[in-house]
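Please read the structure below before turning to the comments.
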Amino acid sequence: MTLPAHGSERFDLWAPEAQAVTLLADGQQYPMDRAGAERNGWWTAAGAPADGEVDYGYLVDGESTPLPDPRSRRQPEGVHSLSRTFDPAGHTWADGQWEGRALQGAVIYELHLGTFTPEGTLDAAAGKLEYLAELGVDFVELLPVNGFNGTHNWGYDGVLWYTVHEGYGGPAAYQRFVDAAHAAGIGVIQDVVYNHLGPSGNYLPKFGPYLKSGEGNTWGDSVNLDGPGSDEVRRYILDNAAMWLRDYHVDGLRLDAVHAFKDERAVHLLEDFGALADEVSAETGRPATLIAESDLNNPRLLYPRDANGYGLAGQWSDDFHHAVHVNVSGEATGYYEDFESLEALAKVLRSGFFHDGSYSSFRERHHGRPINPALAHPAALVVCSQNHDQIGNRATGDRLSQSLPYGKLALAAVATLTSPFTPMLFMGEEYGATTPWQFFTSHPEPELGKATAEGRIKEFERMGWDPAVVPDPQDPETFSRSKLNWSEAAEGDHARLLELYRSLIALRRTTPELTDPGFEATEVDFSEAEGWLVLQRGSVRVAMNFSAEPRRIAVPAAALLLATDDAAELDGGYLELPGHSAVVATE
């Protein structure tokens, strides 16, 4: 999307509906002026400080309380206080030799900074990068880091999209983390939320038509992507995406819940994102990887823009998660109901989506469309057996590893890491963490905290959960319980599972058949009655026994590359698989 450039002064502000604006900078007031009709609602302040670190805010239409900058880079005293300038060019980057990472063949590791380490900071997370490199991770995906009210939060209550939460270390710490990640050979994907704003500290409506009142989504008013004034709102979003890619050197963005975008323009915002990624990649010589979270099962997101697609590098596939979850856990209620079979997992492995125009009992309608294998590679689908949503949005925030034995966790690992898709791990999954990851908030406003807690209980009452087991998101212990216990990784089956994850990731890197072929090269055989499934990719066979009973499966293979159970063996063209085990074999 091409738009006329707005003013280059660092305190310029878009406030098209304001009658008067005053900049408050380091305690001094500077009346702001409109700079002509061509500025389209932008204001500028003559004589404002041209350099140096400045605390500042805006007085709109005579109000006595200054508002933070919608494009603020720092909020040292929180989202209700003055902004502080930050010059990203002040950082001396050490990643000049970094060539980036392609999505195909990669493994992503999703983490939440506040619970990944005891300290919950960017600098502390940087201290774990060597561990992640040894695990074999190619990308770390950080849950949202932008400004929110309170001390801890999932990150999806953000209101100042250009900031980095001070509790994590602020923007300078973010630059240090990205530099350290690149030095460790790991790319950084930042989770960003452009579909809604949090409930505390959202001052955007005081500046302009950022939201569309009365046209809400699950989380509140929709962002104005196609109404009057939406040119500047879209620019606000695209400039933010460009900031992460350019100023902070991140390698990609995960676009939260794009199905909540309400955009009726001929050129959809997602297509603008695709164009931006191409532009930044051409500038830097490195991939700029944009991955959408979408529950639409619409492959148009992945198709090239010259094929009437949006040109994104990838999208999450919930269908894969649901199929794996049901087959290892046996849980088949709610949206899991349609996936209660190995046939569902087989279809996902072959085609990418289970619902590709089929009837969804959960939605009570037909859903999705098939992926054209000529226009999308399997690697464009990011898949997992666990993630922050699928754990944290359970009533007690329980992981698979809190209820399943090693054998079933190993099956989930093999299914994910040998699939044709791009696997993503959720922090702690690799060693079977027994700590939950629960929904937590720290709203300072008592009424908001109370409403959040009560709303959480009502939500799960409707789903049949006992409200007594739902933790209070405002209780600090809910947050503390969700922090990883790293000492577990060296113990018993935890250490055994960690070694399996390392071996599986290493096998992906050295076995092109697992990552290179397209959809057409994937074959799946299975027995619903006996509970086994065999995935074939070229000369590689991945055999999985989801049954508790041993199975003898005819598989043309000459050697075992990996086995989750030492009792597995090849016997004259047959695989002997113990219950709840898997092997990777080759002809």
Any salt bridge linking Lys206 with Asp61? Criterion: basic side-chain nitrogen under 4.0 Å from a carboxylate oxygen. no
With no hydrogens and no angle check, is any side-chain donor or acceptor of Thr163 less than 3.5 Å from a backbone partner on Gly147? yes
Ring centres of Phe273 and Tyr194 under 6.0 Å apart? yes
Could you check if a side-chain atom of His443 sits within less than 4.5 angstrom of a side-chain atom of Asn153, using non-hydrogen atoms only? yes
Please report the shortest heavy-atom distance between Gly185 and Arg101, naming the atom on each side. O-NH2, 2.9 Å
So, for Val60 and Ala18, which heavy atoms are closest and what is the spacing to 0.1 Å? CG1-CB, 3.9 Å
Quick check: does any side chain N or O of Ser317 sit under 3.5 Å from a backbone N or O of Leu381, one acting as donor and the other as acceptor? no
Can you tell if the side chain of Pro444 reaches within under 4.5 Å of the side chain of Asn149, non-hydrogen atoms only? yes
Rounding to 0.5 Å, atoms OH (Tyr168) and CG (Leu122) come to a distance of 8.5 Å
Please find the pair of heavy atoms, one from Gly352 and one from Ile371, that lie closest to each other, and give the distance. CA-CD1, 4.2 Å
Stepwise side-chain hydrogen bond (donor to acceptor under 3.5 Å, both in side chains) check, Glu53 with Thr85: CA-CA 6 Å; Glu53 190 173 81; Thr85 55; 5.7 Å; no
Asp55 side chain vs Asp26 backbone, donor-acceptor pair below 3.5 Å: no
Expected output: side-chain Asn224 to main-chain Gly227 donor-acceptor under 3.5 Å: yes
Say you draw a straight line from CG of Leu142 to NE2 of His112; how long is it, rounded to the nearest 0.5 Å? 10.5 Å
Determine, for Asp87 against Arg10, whether the closest basic-nitrogen to carboxylate-oxygen distance falls under 4.0 angstrom. no
Kindly assign one of parallel, tilted or perpendicular to the pair Tyr210 and Tyr236, based on the angle between their ring planes and the thresholds 30° and 60°. perpendicular
Would you say the side-chain atoms of Tyr162 pair up with the backbone N or O of Asn240, donor to acceptor, closer than 3.5 Å? yes
Checking Asp138 side chain against Val107 main chain: does a donor-acceptor pair fall under 3.5 Å? yes
Report, as yes or no, whether the 6.0 Å neighbourhood of atom CD on Glu63 holds more than 12 heavy atoms from other residues, nucleotides or ligands. yes
Below 4.0 angstrom, N of the basic side chain to O of the carboxylate: do Lys450 and Glu447 qualify? no
One should read off an interatomic distance between Asp95 CG and Asp179 CG, to the nearest 0.5 angstrom, of 5.0 Å
When rounded to the nearest 0.5 angstrom, what is the spacing between OG in Ser222 and NZ in Lys262? 4.0 Å
Short question: side chain of His259, backbone of Leu296 - any donor-acceptor pair under 3.5 Å? no
Under a 3.5 Å cutoff, is there a donor and acceptor pairing between the side chains of Trp316 and Asn387? no
Under 4.5 Å between any side-chain heavy atoms of Thr284 and His249, yes or no? no
If only atom types and distance count, is the side chain of Ser482 paired as donor or acceptor with the main-chain N or O of Thr478 below 3.5 Å? yes
So which of Ser72, Pro68, Pro76 actually passes side-chain contact (heavy atoms from CB on, under 4.5 Å) with Arg84? Pro76
Can you give me the closest heavy-atom contact between Thr422 and Ala106, atom names plus distance? CG2-O, 3.6 Å
Does the side chain of Asp69 come within less than 4.5 Å of Phe11's, by heavy atoms? no
From Phe261 CZ over to Glu264 CD, what is the distance, rounded to the nearest 0.5 angstrom? 14.0 Å
Would you indicate whether the side-chain heavy atoms of Ile291 and Leu103 approach each other to under 4.5 Å? yes
Determine the interplanar angle of the Tyr248 and Trp244 rings, folded into 0 to 90°, and report it as parallel if under 30°, tilted if 30 to 60°, perpendicular if over 60°. tilted
Do Arg71 and Trp14 meet the cation-pi criteria used here (NZ or CZ under 6.0 Å from the six-membered ring centre, within 45° of the axis)? no
Sub-3.5 Å donor-acceptor pair from the side chain of Arg369 to the main-chain atoms of Pro299, do we have one? no
Shortest non-hydrogen pair, Leu484 vs Gly428, comes out as CD2-CA, 3.9 Å
Looking at Tyr303 and Ala376, what are the two nearest heavy atoms and their distance? CE2-CB, 4.2 Å
N/O donor-acceptor pair under 3.5 Å between Asp123 side chain and Gly169 backbone: no
Measure the OG1-NZ distance between Thr117 and Lys483 for me, rounded to the nearest 0.5 Å. 6.0 Å
Polar side chain donor-acceptor pair, Asp256 to His196, under 3.5 angstrom: no
Can you confirm whether Trp93 sits close enough to Trp98 that some side-chain heavy atom of one is under 4.5 Å from a side-chain heavy atom of the other? no
So does Glu283 pair up with Arg246, basic N to acidic O under 4.0 Å? yes
Any chance the side chains of Gln75 and Ser83 put a donor and an acceptor closer than 3.5 Å? yes
Give me the one residue out of Phe116, Trp154, Phe426 that meets ring-ring contact (aromatic ring centres under 6.0 Å, His included) with His388. Trp154
